[in-house]
Asks: 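Provided herewith is a single structure, encoded as structure tokens, for subsequent inquiry.
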Amino acid sequence: MNPTDKIHPIARAASRIVRYAGVGVTLAIASCLGASPNFGQNPNPPQAQSQQWRRMTDSEVSQQWENILNSPLGVAALNQLALEGFISFQCPKSFYINEEFGGFQTLLRVQCPTPRGLSTAVAYDEMRVIFNRFETNIENFEVQRVSEERPPEITLPE
């Protein structure tokens, strides 16, 4: 066996890692700038404002966490929450499902006891991430920031 035979698989694996890391960083930067990861398409159509949302059951929440953690876009959404300080044991998380889309549109709501955000000048009480899925694959997501100055776009059941 040649030494170069050992290098080729390592080089291929390294190029895959770099490619996926680049996608994650690009999505995180785009989210920081307020861009939607679906590149201009609105993942939350206007009619979604009047649709029925309900709180997820425990089994649905488990499945949703699995979908998020197994998807590059799901991880990118969690990275955005972390960048803005919304990943914390102090911040309760709740999941909602939009029945009108057959459960393929879900919402993660993160509420914190103190305002948080990228800067102290603009802080938010709550962040929401709306995920749009096809089967178990997250196709896109939208981040919404909620504060006194920015009321929520979607009314959720408590």
Side-chain angles (χ1 to χ4, degrees), residues 12-112 115-118 122-147 150-158:
R12 270 188 260 127
S15 70
R16 277 190 225 120
I17 291 169
V18 169
R19 183 177 14 179
Y20 291 125
V23 169
V25 168
T26 301
L27 289 172
I29 290 170
S31 294
C32 287
L33 297 174
S36 178
N38 60 352
F39 305 107
Q41 298 172 359
N42 185 2
N44 190 19
Q47 71 269 21
Q49 308 315 317
S50 62
Q51 294 160 356
Q52 290 298 335
W53 292 85
R54 70 164 173 80
R55 208 172 176 97
M56 285 187 180
T57 64
D58 289 341
S59 64
E60 289 171 327
V61 168
S62 295
Q63 182 62 48
Q64 182 65 13
W65 276 120
E66 188 174 322
N67 291 338
I68 290 171
L69 295 173
N70 289 324
S71 165
L73 285 175
V75 173
L78 293 178
N79 285 340
Q80 182 63 41
L81 290 170
L83 284 170
E84 298 195 34
F86 279 81
I87 298 294
S88 168
F89 290 113
Q90 299 171 340
C91 302
K93 295 150 198 67
S94 50
F95 282 100
Y96 298 84
I97 192 164
N98 188 332
E99 293 290 352
E100 189 167 324
F101 285 116
F104 290 108
Q105 186 177 53
T106 57
L107 186 146
L108 167 60
R109 179 184 195 184
V110 183
Q111 297 173 292
C112 291
R116 297 163 190 241
L118 289 175
V122 181
Y124 306 100
D125 304 315
E126 173 183 326
M127 283 186 71
R128 296 175 176 194
V129 181
I130 299 170
F131 296 99
N132 290 295
R133 287 185 303 113
F134 177 72
E135 295 179 355
T136 60
N137 185 40
I138 295 174
E139 296 289 320
N140 56 52
F141 69 90
E142 177 185 350
V143 175
Q144 295 180 353
R145 294 159 182 87
V146 178
S147 67
R150 258 186 149 158
E153 296 175 23
I154 297 173
T155 305
L156 296 171
E158 293 300 325

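Quick caveat, the model's predicted, so the values are computed rather than measured. Numbers here are sequence positions counted from 1.
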Asks: First locate atom CG of Asn132, then atom CG of Leu107, and finally report the distance between them rounded to the nearest 0.5 Å.
Replies: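 Asn132 CG to Leu107 CG: 10.5 Å, rounded to 0.5 Å.
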Asks: What is the ring orientation for Phe141 with Phe131, classed by angle as parallel under 30°, tilted 30 to 60°, or perpendicular over 60°?
Replies: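 It falls in the tilted class, 30° to 60°.
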Asks: Would you check if Phe95 and Glu60 make a side-chain contact, meaning some heavy-atom pair closer than 4.5 Å?
Replies: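 Side chain of Phe95 against side chain of Glu60, heavy atoms only: no contact under 4.5 Å found.
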Asks: Quick one, Arg109 and Trp53 - any side-chain contact, counting heavy atoms below 4.5 Å?
Replies: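 Not touching, per the 4.5 Å side-chain cut-off.
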Asks: Taking atom CD of Gln63 and atom CD1 of Ile97, what is their separation to the nearest 0.5 Å?
Replies: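 The distance works out to 10.5 Å.
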Asks: Check each of Arg150, Arg128, Glu126 against Arg145 using the side-chain contact (heavy atoms from CB on, under 4.5 Å) test, and report the only one that passes.
Replies: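 Testing each of Arg150, Arg128, Glu126 against Arg145, the sole residue satisfying side-chain contact (heavy atoms from CB on, under 4.5 Å) is Arg150.
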Asks: Mind checking the CD-CG spacing from Glu139 to Leu73? Nearest 0.5 Å is all I need.
Replies: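 Rounded to the nearest 0.5 Å, the CD-CG separation comes out at 8.0 Å.
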Asks: Below 4.5 Å, heavy atoms only, C-beta onward: do Val146 and Asp125 meet side chain to side chain?
Replies: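 No, every pair of side-chain atoms sits at 4.5 Å or beyond.
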Asks: I'd like to know if Arg116 and Glu84 make a salt bridge, using a cut-off of under 4.0 Å between side-chain N and carboxylate O.
Replies: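 Salt bridge between Arg116 and Glu84, a charged N being under 4.0 Å from a carboxylate O: no.
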Asks: Would a 4.5 Å heavy-atom cut-off, applied to side chains only, mark Asn140 and Glu142 as touching?
Replies: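 A side-chain contact is absent here, since even the closest heavy-atom pair is not under 4.5 Å.
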Asks: Could you measure the distance from the CG atom of Leu69 to the CD atom of Gln64? Nearest 0.5 Å is fine.
Replies: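 Interatomic distance, Leu69 CG to Gln64 CD, rounded to 0.5 Å: 10.0 Å.
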Asks: Which heavy atom of Ile138 sits nearest to which heavy atom of Asn67, and what is that distance?
Replies: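 Looks like CD1-O, 3.9 Å.
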Asks: At their closest point, which heavy atom of Ser94 faces which heavy atom of Arg55, and how far apart are they?
Replies: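 Smallest heavy-atom distance, with atoms named: CB-NH2, 3.3 Å.
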Asks: Go through Val129 and Gln80 one step at a time and tell me if the side-chain contact (heavy atoms from CB on, under 4.5 Å) criterion holds.
Replies: CA-CA 10 Å; Val129 181; Gln80 182 63 41; over 6 Å; no
Asks: Compare every heavy atom of Gln90 with every heavy atom of Pro92, then report the nearest pair and how far apart it is.
Replies: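 Smallest heavy-atom distance, with atoms named: CD-O, 3.3 Å.
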Asks: Is there a donor-acceptor pair closer than 3.5 Å between any side-chain N or O of Arg133 and the backbone N or O of Gly103?
Replies: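 Pair found, side chain donor or acceptor close to backbone of Gly103.
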Asks: Just verifying a value: how many Å separate Thr155 OG1 and Glu153 CD, rounded to the nearest 0.5 Å?
Replies: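 If we round to the nearest 0.5 Å, Thr155:OG1 and Glu153:CD are 10.5 Å apart.
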Asks: What heavy-atom pair brings Ser147 and Ala123 nearest, and what distance separates the two atoms?
Replies: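 That would be CB-O, 3.9 Å.
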Asks: Is Asn98 close to Ile130 at the side-chain level, that is, under 4.5 Å between some pair of heavy atoms?
Replies: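 No, every pair of side-chain atoms sits at 4.5 Å or beyond.
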Asks: Of all heavy-atom pairs between Tyr124 and Gly117, which one has the smallest distance, and what is that distance?
Replies: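 Smallest interatomic distance, heavy atoms only, reads CD1-CA, 4.4 Å.
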Asks: Quick one: pull up CD1 in Ile87 and SG in Cys112 and give me the separation to the nearest 0.5 Å.
Replies: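 One finds 8.5 Å between CD1 of Ile87 and SG of Cys112.
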